[in-house]
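Lettering follows sequence order; numbering is per chain, from 1.
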Amino acid sequence: MGNVPTAVKHCLSYEQLIQDYPWLKRLLLEEKEIVPTGVKIQLIDMLSGTGLPVIEATSFVSSKWVPQMADHTDVLRGIHREPHVRYPVLTPNLQGFHDAVAAGATEVAVFGSASETFSKKNINCSIDESMLRFEEVIKAAKERQIPVRGYVSCALGCPYEGHIEPSKVSEVAKRLYEMGCYEISLGDTIGVGTPGSMFKMLQSVMAEVPTNALAVHCHDTYGQALPNILIALQMGVCVVDSAVAGLGGCPYAQGSSGNVSTEDVLYMLHGVGVETGVNLAKVLEAGDFICEALGRQTNSRVARARGRTL
Amino acid sequence: LFNMSAVAGLRAGRTLPDKVKIVEVGPRDGLQNEKTIVPTETKIHLIDMLSASGLSVIEATSFVSPKWVPQMADQVEVMKGIDRKPGVSYPVLTPNLKGFQAAVKAGASEVAIFGAASELFSKKNINCSVEESLQRFDEVVRMAKEAGVRVRGYVSCVLGCPYEGNVAPEKVAHVAKRLYSMGCYEISLGDTTGVGTPGSMSDMLEAVSREVPVNALAVHCHDTYGQALANILVALQMGISVIDSSVAGLGGCPYASGASGNVATEDVVYMLHGLGIQTGVDLSKLMDAGAFICRTLNRRTSSKVAQATCKL
């Protein structure tokens, strides 16, 4: 891509930056390569052998918007479907849903937002309009007995609007749940949340949606993911989203981390005596594999501490 | 469901402390574990910037022999060169009587001593058993009392030891109690290798708080396994209101090459402010200090808040 990330541009001139921080050069000039289908399939197959019960396999969005997911059909058809493991896929609209079913999907996910601005900028429509779209998907899914998971993004803050009222989050969560989503994943999209805001948001949502239908999807952009997950667990939430090796940077703060790493979450959960059924060593192996394939360092501190650097 | 579930609901809503005192260990613990030797003027400037950020305790240097810790060879110049902000404390490490005397001569008004909850670690690190080290410290504490100098006690390996593995909470409580009874005003409990989780942290704190009042306790968490902030949260829930941290997360882990060490002060402050807890720290000024020292060391900050805010 060769261009300087916007966030960095606003801080200092590129030349000054490279002069002051020579190690940055490699980071800034990194190309975003498309991951080969075979690598994706191998990653998913490795994850299937770790004990993870749910692995989000791909996304049936238009390849125009998300080129990385253009091979969605090949991936879904190519993976080894481990019994007792579910492989949900993203379906933003009815078209995507039909493509997903044709490719063999048995669970889908829809992505709502607690922020109007984010909804408009991200999926080009208001929250209300998006709900109408999702209603179509959920209706079609119900007819085929396909479970639907609902995501609410910007649950603890929005890159455009800033603060998000907990009541807005619970309103959107409630709508998705009442429409028929079996589980609602509450996402701290830009990782700005802290245990303080997590607590307030969950209190609000738990008044509208049963706790056992809730999940948290924390980003670690500000290092807050694990304490945020901990407080969610203390409040009774028992579904946690995470990404092996902490894959997926934060698109709103270049160079920052995004998803919390599965390895670090598992380390904490096992340390507090929670049973996950997941083998941490095998997840570490999957993390090693994908990092080597991508030519990048893991974001997992557990992985790094065990000397698995690249 | 898990060992905290019995009090989980209670904990989540339990009142946290209104205020937390942050003990900034970057200039000592942080720099001591950085490979690059930092010029004296840089150390002084860093400490002065930290003083300006609102921190009330800044560990300035260490009076160990420069033979063992060359990074701290300029201990006297640093002590004499920094701008001592009123209301801010500048403790220094003093492993023995000789170090203590040198520290007082250089103007120190607070010192710190370092015990271990693990026998093997004590022997490998300071060449004597835990009991022998406590006797050494007893001398320092007695002299300090006479000189009107406050002493802070550290206990390392409280949640695990790189040599022994598991460390019994009762052992930690025993060492903490000894240090407290000797006269240390505060005991900082250190997860030296960062292996602890909220589970082991709460077990350990339960044992220690039976022997030492909780308002005399602090936690010193390492982020080697990414658990530091979660561990700190649990400590806060159990009444701890003193947190050690290091600007920019300076100081790698000497036991796991390439791994992180100290938890970053910026990330701790971000969490505390998000919880509505007062620290007296101006996060923006703190990040300036972090950016300054990282530029000098030519390394990337370990603070995620700093990375996200483009203060590299």
Side-chain angles (χ1 to χ4, degrees), chain A residues 7-8 10-12 17 20-24 190-199 202-203 220-236 238 250 252-257 260-261 263-265 267-275 300-302 304-307 309, chain B residues 1-5 7-13 16 193-202 223-234 237 253 255-260 263-264 266-268 270-277 294-295 298-300 303-305 307-312:
Chain A
V8 170
H10 290 157
C11 305
L12 291 163
L17 208 58
D20 289 352
Y21 309 100
W23 50 262
L24 248 192
I190 44 172
V192 288
T194 63
S197 54
M198 173 65 87
F199 180 79
L202 283 177
Q203 255 191 324
D220 205 36
T221 321
Y222 290 76
Q224 309 295 307
L226 287 188
N228 290 345
I229 290 168
L230 181 64
I231 206 144
L233 292 171
Q234 289 177 336
M235 291 174 80
C238 45
C250 177
Y252 305 95
Q254 268 294 349
S256 290
S257 55
V260 66
S261 38
E263 299 92 318
D264 298 1
V265 171
Y267 187 90
M268 181 173 80
L269 293 176
H270 293 175
V272 299
V274 173
E275 281 193 29
S300 158
R301 292 220 150 139
V302 170
R304 263 189 274 153
R306 290 182 189 202
T309 42
Chain B
L1 191 66
F2 55 104
N3 73 354
M4 284 158 62
S5 63
V7 290
L10 206 70
R11 283 242 181 91
L16 298 172
T193 47
V195 289
T197 63
S200 53
M201 173 63 90
S202 64
D223 204 36
T224 321
Y225 289 77
Q227 308 296 304
L229 286 187
N231 292 343
I232 288 167
L233 179 62
V234 150
Q237 290 175 334
C253 177
Y255 306 97
S257 137
S260 54
V263 68
E266 298 92 319
D267 299 359
V268 172
Y270 186 89
M271 182 173 80
L272 294 175
H273 289 181
L275 284 163
I277 295 173
C294 286
R295 249 199 315 271
N298 190 30
R299 59 156 274 181
R300 193 174 193 201
S303 157
K304 291 210 158 160
V305 169
Q307 286 170 20
T309 332
C310 188
K311 298 255 178 168
L312 301 151

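- With a threshold of 4.5 angstrom between heavy atoms, D223(B) approaches chain A through its backbone and through its side chain.
- When all heavy atoms of V272(A) and G199(B) are compared, the pair lying nearest together is CG1-N, 3.4 Å.
- Among residues two or more places apart in sequence or in another chain, the side chain to side chain contact (heavy atoms under 4.5 Å, CB included) test is passed with T193(B) by P162(B), D191(B), V195(B), Y255(B).
- Shown here for P227(A) and A230(B), the closest heavy-atom pair between the two residues is CD-N, 4.0 Å.
- Ranked by heavy-atom pairs under 4.5 Å with chain B, the list Q203(A), M198(A), M268(A), H270(A) is led by M268(A).
- Both the backbone and the side chain of L229(B) come within less than 4.5 Å of a heavy atom of chain A.
- In this structure, CG on D264(A) lies 6.5 Å from CD on Q227(B), to the nearest 0.5 angstrom.
- At least one donor-acceptor pair under 3.5 Å links the side chain of Y270(B) to the backbone N or O of V192(A).
- Contact tally against chain A (heavy-atom pairs below 4.5 Å) for L272(B), L275(B), I277(B): the top residue is L275(B).
- Residues R306(A) and Y225(B) approach most closely at NE-CE2, 4.1 Å, considering heavy atoms.
- Closest of all the heavy-atom pairs between Y267(A) and G196(B) is CE2-O, 4.3 Å.
- When all heavy atoms of A308(B) and T221(A) are compared, the closest pair comes out as CB-O, 3.6 Å.
- D267(B) is linked by a side chain to side chain donor-acceptor pair (under 3.5 Å) to S303(B), counting only residues two or more places apart in sequence or in another chain.
- Among all heavy-atom pairs drawn from G223(A) and K304(B), the shortest one is N-CB, 3.5 Å.
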